[in-house]
Visitor: 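Sharing a structure here in C-alpha cells format.
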Protein chains: 2
Amino acid sequence: MTTAGSAREPKYQRIAGALRRDIAEGRYAPGERLPGENDLMAEHAVARMTARQALAVLQAEGLAEARKGAGVFVREFEPIRRRGIQRLSPEQWGSGRSVWDADIAERDLAVEVIAVSEVSGDEVPSAVVNILGTAEVWLRRRRFVLDGKPVMLSVSYFPAALVAGTPITETDTGPGGAYARLAERGHAPEHFREEIRSRMPTADEALRLKLAAGTPVMLIWRTAFSAEGTAVEVNEMMLDAASYVLEYDFEG
Amino acid sequence: MTTAGSAREPKYQRIAGALRRDIAEGRYAPGERLPGENDLMAEHAVARMTARQALAVLQAEGLAEARKGAGVFVREFEPIRRRGIQRLSPEQWGSGRSVWDADIAERDLAVEVIAVSEVSGDEVPSAVVNILGTAEVWLRRRRFVLDGKPVMLSVSYFPAALVAGTPITETDTGPGGAYARLAERGHAPEHFREEIRSRMPTADEALRLKLAAGTPVMLIWRTAFSAEGTAVEVNEMMLDAASYVLEYDFEG
DNA sequence: CAGTGGTCTAGACCACCGT
DNA sequence: CGGTGGTCTAGACCACTGA
C-alpha cells in the first residue's frame, strides 16, 4: 500500500485529529511536549514525511509550536486586552500617561523607537497621502516588546506642517506623548476611526514579530481627527494575534 | 547532493520568494495561474516535494490558493466593510431593517438559520453562563452566505426568561430582528461590548466557512446590555478574515 | 483523456539542543 | 553525544479537473 488505503481521511489528518483531541481534553497541557516524529512513525507505522505532515497541521492551526532540536510543544496563550475606546480618552493622554499604559499593568514593557524621520513623495504610502491630504509627513516607527517578546509594530504618520519643531519629531515626545503635543498646538485628536484586518504574515513580518508558525497578524489602521475634522495622524499597527484581544465598548 | 547545498536559504524558500516577488510586482495578477509543481520541478531542478513546499508557503501566507486538478492561483481579496458602531444604532434595527443590511448593499446575501433551540446546563458554554447569569438560554445558530460563499458563522444566546414566547424563539424574528423584539419587551439593548480575537481555524471550521488555506478567522464576541446594565444577548461570531474589514468610529 | 494537485514511502544529511 | 526537527530526493498511486 503506497497511499491512503481504505480510510477516507488521510493518515496525517487522522493522526493530527487524535493529537488535537488529546490537547483539547487536556492530556497534553500548554507548554508540554507532544510525541515527536519518531514516536508517531513507530506508533502509527508511517513514513517520516507523513508524521511531519500531521505535526504541521497542528502548527498551522496555532495549536503547537516546534522547537528545533527539542520537540513539538503545545502552545500557550495569554493575551493583552486592548480597550480600543477608553484608552484614547483625553484623560489618558492629557495627564502625562501614555496611551499604552492603559493596556498593560505591571508587566515588563519596552517601547523601541526604531526611526523618526521626515519623508515625502513616493516614500509615503498613497493611502496615507489620501487621508492626510499631503505627502509631506513625519513618521515614527516603533516596536513594542512585552516581557521580551515583540507584540506590535507601529508606524505613525503626521502632517509635517502640524508637527515640525515639536517633540513629535524627536525620539522622546514628552509627557502624554504625541497626542498631548498635538493638543498643545490646537490640534487635539477628538474623533478616531480604527479599521481592523487579519491575515497571515509574510516570512519577514513573522521574523520581526518573532511569530510562531500558525499565528496570524491583526492590522489596525487608526486615523485621528481634530475637532475641525482634519486628519492629524494615521497609525498603522501590526499586532501578534496570539498576544492580543481587542475590545470596543460603545452605546447603541 | 541530498540536501540544501551551499545556499543558506532553503531551496523551497528561494523558489517561494521568487514567486512572491512576481506576485507583488504584478507579473501574476489576482486570479491568474501560477507555475505548477511540474513547472517548478523542471525550472529549478528539484523534487516534487520541494516544489510542493514552495507552493505551500504561498498558500500558508494566503497569497495563493490551490484548486485540485487545476493548478495554483493567485488569490483575490475584496472585503466586506463592517461598521461596528453605526450598524448597531437604534435607527438601524428600530425601523425594520436588520443590522446586517448596514454592511452590504446590492449583493446577494442569504442568511441560513441553522438552529433555534432552548438549551441549558452543560450545553451552554460557561463563559456565556457567566455573562448572562443563567444557564437557561435560547440560542440561534446562523450562517451568512454572500454571493455563494459563507462569510460568517454566528451563535446568539438569549436568557430564556427574556425571550420565551417571542418570535426570537422562532426561525423568523420579524421586522427589525431580535433587537426590535427585545425592545418591545422593555429590554432594548443600549450598550455593547465587542471583543475581537484572530487565530487560524481548525480543519472543521475551515470546512464550514469554505476557507482557503492560509486564511485566519476573526472571532467577535459581542455582549448587548440593556439600560439597567443587564446582559440581554451574547453573540459569538466567526468571520472569514479574507472577507472582512472591521471599522470602529468613536470620540476620544 | 492528459494534466493537476494530494498523499505516501523509504531512504538521506544537516543544524541544533540538552527534553 | 544521541535525539530532535528541517530539508531533500526519486520514485509511486490517487482523485479531480476540463485552464
Side-chain angles (χ1 to χ4, degrees), chain A residues 1-17 19 28-60 64-76 203 206-207 212-214, chain B residues 1-17 19 28-60 64-76 203 206-207 212-214:
Chain A
M1 178 187 66
T2 61
T3 179
S6 53
R8 299 270 316 142
E9 197 180 23
K11 288 184 182 180
Y12 76 90
Q13 288 286 8
R14 277 194 53 77
I15 299 172
L19 289 173
Y28 298 107
E32 195 174 336
R33 183 173 182 276
L34 292 172
E37 297 176 359
N38 297 328
D39 301 315
L40 295 179
M41 287 167 69
E43 190 182 345
H44 296 93
V46 295
R48 156 156 273 108
M49 286 302 299
T50 306
R52 279 185 67 72
Q53 246 181 309
L55 291 170
V57 168
L58 300 180
Q59 293 174 57
E65 174 175 12
R67 294 207 277 274
K68 211 192 307 189
V72 180
F73 298 81
V74 180
R75 278 185 58 178
E76 320 190 45
L207 216 61
Chain B
M1 177 186 67
T2 62
T3 179
S6 54
R8 301 267 316 140
E9 198 180 25
K11 288 184 183 180
Y12 76 89
Q13 288 285 7
R14 278 193 53 77
I15 299 172
L19 289 174
Y28 298 108
E32 196 174 337
R33 182 172 182 276
L34 291 172
E37 297 175 358
N38 297 327
D39 302 314
L40 295 178
M41 287 167 69
E43 189 183 346
H44 296 92
V46 294
R48 156 158 272 108
M49 285 303 300
T50 307
R52 279 185 66 73
Q53 244 181 310
L55 291 170
V57 168
L58 300 180
Q59 293 174 57
E65 173 176 11
R67 295 206 278 274
K68 210 191 310 188
V72 180
F73 298 80
V74 181
R75 277 185 58 177
E76 320 190 46
L207 215 60

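We name chains A, B, ... by the order of the sequence lines, and we start the count at 1 in each one.
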Visitor: Looking at A212(B) and R75(B), what are the two nearest heavy atoms and their distance?
Guide: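 Distance-wise, the nearest heavy atoms are CB-NH1, 3.6 Å.
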Visitor: Which heavy-atom pair separates T50(A) from Y12(A) by the least distance, and what is that distance?
Guide: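 In terms of heavy atoms, the two residues are closest at O-CB, 3.7 Å.
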Visitor: Send over the distance from F73(B) CZ to dG18(D) P, rounded to a whole Å.
Guide: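 Rounded to whole Å, this separation is 8 Å.
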Visitor: Looking for any heavy atom pair under 4.0 Å, which part of the strands does Y12(A) touch: base, sugar-phosphate only, or nothing?
Guide: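 Result for Y12(A) = sugar-phosphate.
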Visitor: Just how far, in rounded Å, is C1' of dG5(D) from CD of Q59(A)?
Guide: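 My rounded result for the distance is 9 Å.
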Visitor: Between Q59(A) and E65(A), is any pair of side-chain heavy atoms under 4.5 Å apart?
Guide: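 They are not in contact (no side-chain heavy atoms under 4.5 Å apart), so the answer is no.
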Visitor: In this structure, how many angstroms lie between the P atom of dG6(D) and the CD atom of Q13(B), rounded?
Guide: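 Taking atom P of dG6(D) as the reference, CD of Q13(B) is at 12 Å.
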Visitor: Looking at every non-hydrogen atom in both residues, tell me the closest pair between R33(A) and A70(A) and how far apart they are.
Guide: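 Nearest pair, atom of R33(A) first, then A70(A): NE-O, 3.3 Å.
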Visitor: Atom CD of E65(B) and atom P of dT4(C): how far apart are they, to the nearest Å?
Guide: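 That distance rounds to 18 Å.
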Visitor: Measure CZ/R67(A) against C1'/dA15(C) and give the value in whole Å, please.
Guide: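 Spelled out: CZ on R67(A) to C1' on dA15(C) is 17 Å.
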Visitor: What is the separation between atom CD on E37(A) and atom P on dT4(D), rounded to the nearest whole Å?
Guide: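 In whole Å, dT4(D) P lies 9 Å from E37(A) CD.
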Visitor: For dG3(D), take OP1 and OP2 only and decide whether either is under 4.0 Å from a side-chain N or O of N38(A).
Guide: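 Checking dG3(D) against N38(A), no side-chain N or O comes under 4.0 Å of OP1 or OP2.
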Visitor: K68(A) or Q53(A): which one's nearest nucleotide on DNA chain C is closer to the 5' end?
Guide: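 By nearest-heavy-atom nucleotide position, the 5'-most residue is Q53(A).
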Visitor: Pick base, sugar-phosphate or nothing for A66(A), based on heavy-atom distances below 4.0 Å to the nucleic acid.
Guide: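 Counting heavy atoms under 4.0 Å across all strands, the contact made by A66(A) is with sugar-phosphate only.
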Visitor: On DNA chain D, nearest-nucleotide positions of A70(A) versus R52(A): which is more 5'?
Guide: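 This one resolves to A70(A).
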Visitor: Please examine the side chains of R52(B) and L55(B), heavy atoms only from C-beta on, and report whether any two atoms are closer than 4.5 Å.
Guide: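 No - every pair of side-chain heavy atoms lies 4.5 Å or more apart.
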Visitor: Given dG5(D), dA10(C), dA10(D), which nucleotide is nearest the side-chain atoms of M49(A)?
Guide: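 So the side chain of M49(A) is nearest to dA10(C).
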Visitor: For G71(A) and for T50(A), find the nucleotide of DNA chain C with the closest heavy atom, then tell me which residue's nucleotide is more 5'.
Guide: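 Closest to the 5' end, via its nearest nucleotide, is T50(A).
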Visitor: Ignoring backbone atoms, establish whether R48(A) has a side-chain N or O less than 4.0 Å from OP1 or OP2 of dT9(C).
Guide: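 No, outside the criterion.
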Visitor: Nearest whole Å is fine: how far is dC8(D) C1' from H44(B) NE2?
Guide: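 For the pair H44(B) NE2 and dC8(D) C1', the rounded distance is 15 Å.
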Visitor: Rounded to whole angstrom units, what separation is found between the CG atom of D39(B) and the C1' atom of dG5(C)?
Guide: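 In whole Å, dG5(C) C1' and D39(B) CG are 12 Å from each other.
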